[in-house]
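Here the structure is laid out as structure tokens; the discussion comes afterwards.
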Amino acid sequence: MRNREVAAILVKIADMMQIKGDNPYKIRAYRKAAESIFHLDEDIAILYGKGRVREVPGIGDAVAAKIGEILKTGSCEYYDRLSEEIPAGLLDMLAIPGLGHKRVKLIYDTLGITTLDELMQACQRGEIRNLPGLGVRIEDNIKKGIIEVKQRSNKTRLGTALPLAQGFLNYLLQSPAVIEAAITGSIRRGKEMVGDIDILLTGNDPAAVYDLVRVFPAVRQIDWVDSDLIRGELSPGIEFEIIIVAPSDFFHSLVWTTGSKEHRERLFAGVDRQDFKDLKSETEVYTRLGMDYIAPELRENQGEIEAASVGRLPELIDFSDIRGDLHVHSNWSDGVEQIRDMAAAARSLGYKYIAITDHSKSLNISGGLSAERLQAQGKVIDALNKEATDGFRILKGIEVDILKNGELDFPDSVLEELDIVIASVHSNFKLDADEQTERIIAVAKNEHVDMIGHLTGRLLSRRSGYEIDIDKIIETCARYNTALEINAHPDRLDINGDIARQAKEHGVKVAINSDAHRINQLKLMKYGVITARRGWLEADDVLNTLSSDDLLKALGKAP
DNA sequence: GCCGTTTTCGGCCCGACTGTTTTCAGTCG
């Protein structure tokens, strides 16, 4: 059982306790334990086996015992007892914006509603608006929310799907029954949300491949078995397809299955794929079609075929081009680790610098820094930089809140002392497009603001971005030399590839930032790089491919 | 339920916004 599944059960326990109205601190303890397990680098089962699960922060005797039960039986008695009391459908309702534990309980207690479908019917009959504290507006929002929740439930974030696919692939490649295999489809193209996991495989014995797939621990069920296809579901509820081809067909099939549909249909229009047998690489496929190799991230039929035909494809940025991370939190605000430890981790990734960019004072919940604490933090960073003998540099920064009126949370006199200023929206998501755009444009014009953080504010599969006029903002950024962030967290990937490409076309620089709040999130950078590649970006388009001296120069600061 | 350079009990991030009310509960970040 994977860490995220144990964490998911603990979160459900917390949700059910909250619906019941249990002790808030007890609930928080379960959430904290779940969070710790979710972010754990080690396998919780192995840790438990070694008797070291109590070392995980937030896990005490009570939760440790439940984890033991869950690892053994897939559930625990406490969870089962709560489940009998609280219908599972109530937990689905919590995903609807505007519905929290109290309202879900109210709806359940008064109307006996236990599923999203029943809730929708009650909304349509106008029953929700009559409940105390609710009204027509909330009823409308619930209706919209139900539709959204249902729509997004069949897609998975790349950040979840890619590691699963990689684990599955590695497992398959270990077997002598598999000659060659590769992740294909939309995951390979680096789409931020994917429908399923596709693996292209070649081997001489389909029955042996089936046996292999059947016993992979994460396989929950198998729905279809053929000599050239195995389809089923992995245990977090994501579908997979293993497409089996003859060795001579591997590379043209890899191009075909990677897609996109529009890309491959144009690529192979009027040609017979049988003429593409026995090639040694995808490059040979493209060569035979009379064009340069096209990276998977570009295969969306958005001009890449034309560019490849005349040798004008961009030389896409690669992870090895990244020299530093410009958006990193520490335990001075809502990060988990100390600055020293974040820096050490960044060093071990081969980076030459990081910027510590904690939250500013308005973001109370995240422990936002006052001007005084920011200054104290700067002294700590100075001391750490003095210690460093390898030239690694910690830059002083801030993720400063953009206030409702378009002002910043700190005056210019504070910002001008810093190396990196990221301005981000964390409040007032529901302003209309004009106001929201003006608010961001106002800070993009500020000479001390180096970049706008997570521009649209979207949280994939949870919240759509705020209403903004992207064109106007990009124009402003171009004029005032303000960069845009690709926030590499798989929940955000914001800006996305399309906006990144638009930024590049207007000469707006991009920074690819992990937004790490703990050490192991530094490695999420790769999702940002994938997104940048989908935006046709080259190393020159990205600020954090520069050395720290050149970076500061580019931002108009003394190195 | 967890935790302790406050150590075995008593504390545990809180303020703003929304939509409902007419003084505030619930939700959210």
Side-chain angles (χ1 to χ4, degrees), chain A residues 9-11 13-37 53-68 76 78-79 82 93-110 128-145 329 331-336 338 358-370 373 399 401-405 409 424-432 435-436 439 453-454 457-459 462-466 489 491-492 515 517:
Chain A
I9 291 177
L10 296 178
V11 168
I13 289 177
D15 280 336
M16 290 192 285
M17 287 197 296
Q18 205 167 349
I19 289 172
K20 281 183 63 181
D22 226 318
N23 174 1
Y25 295 111
K26 190 171 154 183
I27 294 163
R28 191 187 294 168
Y30 275 91
R31 290 198 194 285
K32 186 162 185 283
E35 170 120 345
S36 281
I37 293 167
V53 77
R54 286 279 278 98
E55 291 171 24
V56 178
I59 297 181
D61 291 332
V63 173
K66 288 176 181 84
I67 290 171
C76 69
Y78 186 52
Y79 173 74
L82 283 166
M93 292 183 203
L94 293 173
I96 298 167
L99 277 192
H101 301 85
K102 295 262 174 77
R103 285 178 184 159
V104 165
K105 180 169 179 9
L106 174 73
I107 290 168
Y108 173 54
D109 284 347
T110 51
I128 300 300
R129 67 183 70 174
N130 294 326
L131 297 174
L134 305 185
V136 182
R137 307 267 288 269
I138 288 178
E139 191 177 77
D140 270 351
N141 285 338
I142 291 174
K143 270 196 269 189
K144 280 183 209 145
H329 293 271
N331 62 355
W332 283 69
S333 68
D334 60 349
V336 175
Q338 296 185 21
D358 277 310
H359 291 289
S360 63
K361 60 181 191 291
S362 285
L363 210 58
N364 293 304
I365 184 126
S366 302
L369 300 180
S370 63
R373 291 199 68 226
E399 183 181 14
D401 253 49
I402 302 174
L403 306 180
K404 186 177 181 183
N405 60 6
D409 206 10
S424 304
V425 166
H426 291 113
S427 62
N428 301 94
F429 299 139
K430 290 193 171 162
L431 298 182
D432 66 49
E435 265 185 289
Q436 197 70 271
R439 183 185 181 199
H454 47 70
R458 69 170 181 186
L459 291 177
R462 271 187 288 165
R463 179 179 87 200
S464 43
Y466 16 89
H489 196 292
D491 280 350
R492 295 191 183 269
D515 196 1
H517 284 68

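Proteins get letters first, then strands, A, B, ... in listed order; numbering begins at 1 in each.
- The residue Ile365(A) sits close to a base: some heavy atom pair falls under 4.0 Å.
- Contacts of Pro132(A) with the nucleic acid, taken as non-hydrogen atoms under 4.0 Å apart, are absent.
- To the nearest angstrom, P of dT27(B) lies 18 Å from CZ of Phe429(A).
- Rounded to whole Å, the C1' atom of dT6(B) lies 36 Å from the corresponding atom of dC24(B).
- Put simply, Asn428(A) has a side-chain N or O that comes within less than 4.0 Å of OP1 or OP2 on dC17(B).
- The distance from atom CG of Leu403(A) to atom P of dG29(B) is 18 Å, rounded to the nearest whole Å.
- Here the side chain of Lys430(A) is nearest to one of dC12(B), dT27(B), dT18(B), namely dT18(B).
- Comparing dT20(B) with dT27(B), their C1' atoms sit 13 Å apart, to the nearest whole Å.
- Among the atoms of the strands shown, none is found under 4.0 Å from any heavy atom of Arg31(A).
- Spacing between atom CG of Asn141(A) and atom C1' of dC28(B) amounts to 14 Å, rounded to whole angstrom units.
- Nearest-nucleotide positions on DNA chain B place Gly135(A) closer to the 5' end than the other of Leu94(A) and Gly135(A).
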**Study point:** Evaluation steps, side chain to side chain contact (heavy atoms under 4.5 Å, CB included), between Val53(A) and Val63(A)
**Key:** CA-CA 10 Å; Val53(A) 77; Val63(A) 173; over 6 Å; no
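- Rounded to whole Å, the separation between the C1' atoms of dG26(B) and dT8(B) comes to 36 Å.
- Across all strands shown, Leu363(A) has no heavy atoms under 4.0 Å from either base or sugar-phosphate atoms.
- Rounded to an integer number of Å, the gap from CG of Leu459(A) to C1' of dT27(B) is 15 Å.
- Among the atoms of the strands shown, only primed sugar atoms or phosphate atoms (P, OP1, OP2) are found under 4.0 Å from some heavy atom of Lys66(A).
- Using a 4.0 Å cut-off, some side-chain N or O of Arg28(A) falls inside it from OP1 or OP2 of dC13(B).
- dG10(B) and dC17(B): their P atoms are spaced 37 Å apart (whole Å).
- Defined by atom type and a distance below 3.5 Å, a donor-acceptor pair is present between the side-chain atoms of Asp15(A) and His101(A).
- Within the 4.0 angstrom heavy-atom criterion, only backbone atoms of the sugar-phosphate kind lie near Leu99(A); the bases stay farther away.
- Checked by atom type and distance alone, the side chain of Lys66(A) never pairs as donor or acceptor with a backbone atom of Cys76(A) at under 3.5 Å.
- Checking side-chain atoms of Arg54(A) against main-chain N and O of Ile59(A) turns up a donor-acceptor pair under 3.5 Å.
- In this structure, Asp61(A) reaches the sugar-phosphate backbone alone: every heavy-atom distance under 4.0 Å involves primed, P, OP1 or OP2 atoms, never a base.
- Here the side chain of Lys404(A) is nearest to one of dC2(B), dG19(B), dC17(B), namely dC17(B).
- For Ala62(A), the side-chain atoms get nearest to dC2(B) when compared with the rest of dC28(B), dC2(B), dG19(B).
- The neighbour count for Arg137(A) CZ, taken as heavy atoms of other residues, nucleotides or ligands under 6.0 Å away, does not exceed 12.
- Summarising the geometry, the separation between CD1 on Ile128(A) and C1' on dG26(B) is reported as 15 Å, rounded to the nearest angstrom.
- Contact between the side-chain N/O atoms of Tyr30(A) and the OP1/OP2 oxygens of dG1(B) is found at a separation under 4.0 Å.
- Distances shown here put every side-chain N or O of Arg54(A) at or beyond 4.0 Å from the OP1 or OP2 atom of dC2(B).
- Nucleotide dG15(B) holds its P atom 15 Å from the CG atom of Asp409(A), rounded to whole Å.
- Comparing dT27(B), dG1(B), dT20(B) against the side chain of Lys26(A) picks out dG1(B) as the nearest.
- Going from atom CG of Leu106(A) over to atom C1' of dT20(B) covers 13 Å, rounded to whole Å.
- Taking the six-membered ring for Trp, His426(A) and His359(A) have ring centres closer than 6.0 Å.
- Contacts of Gly367(A) with the nucleic acid, taken as non-hydrogen atoms under 4.0 Å apart, are absent.
- At distances below 3.5 Å, not a single donor-acceptor pair connects side-chain atoms of Ser333(A) with backbone N or O atoms of Gly367(A).
- The nucleotide whose nearest atom lies closest to any side-chain atom of Arg103(A) is, among dG1(B), dT27(B), dC28(B), dT27(B).
- Under 4.0 angstrom from either OP1 or OP2 of dG19(B) there lies at least one side-chain N or O belonging to Arg137(A).
- Using a 4.0 Å heavy-atom distance criterion, Val136(A) is classed as a sugar-phosphate-only contact.
- Pairing for dG11(B) goes to dC2(B), judged as Watson-Crick or G-U wobble with the two contacts each under 3.5 Å.
- Taking the P atom of each, dT23(B) and dC13(B) are spaced 33 Å apart, rounded to whole Å.
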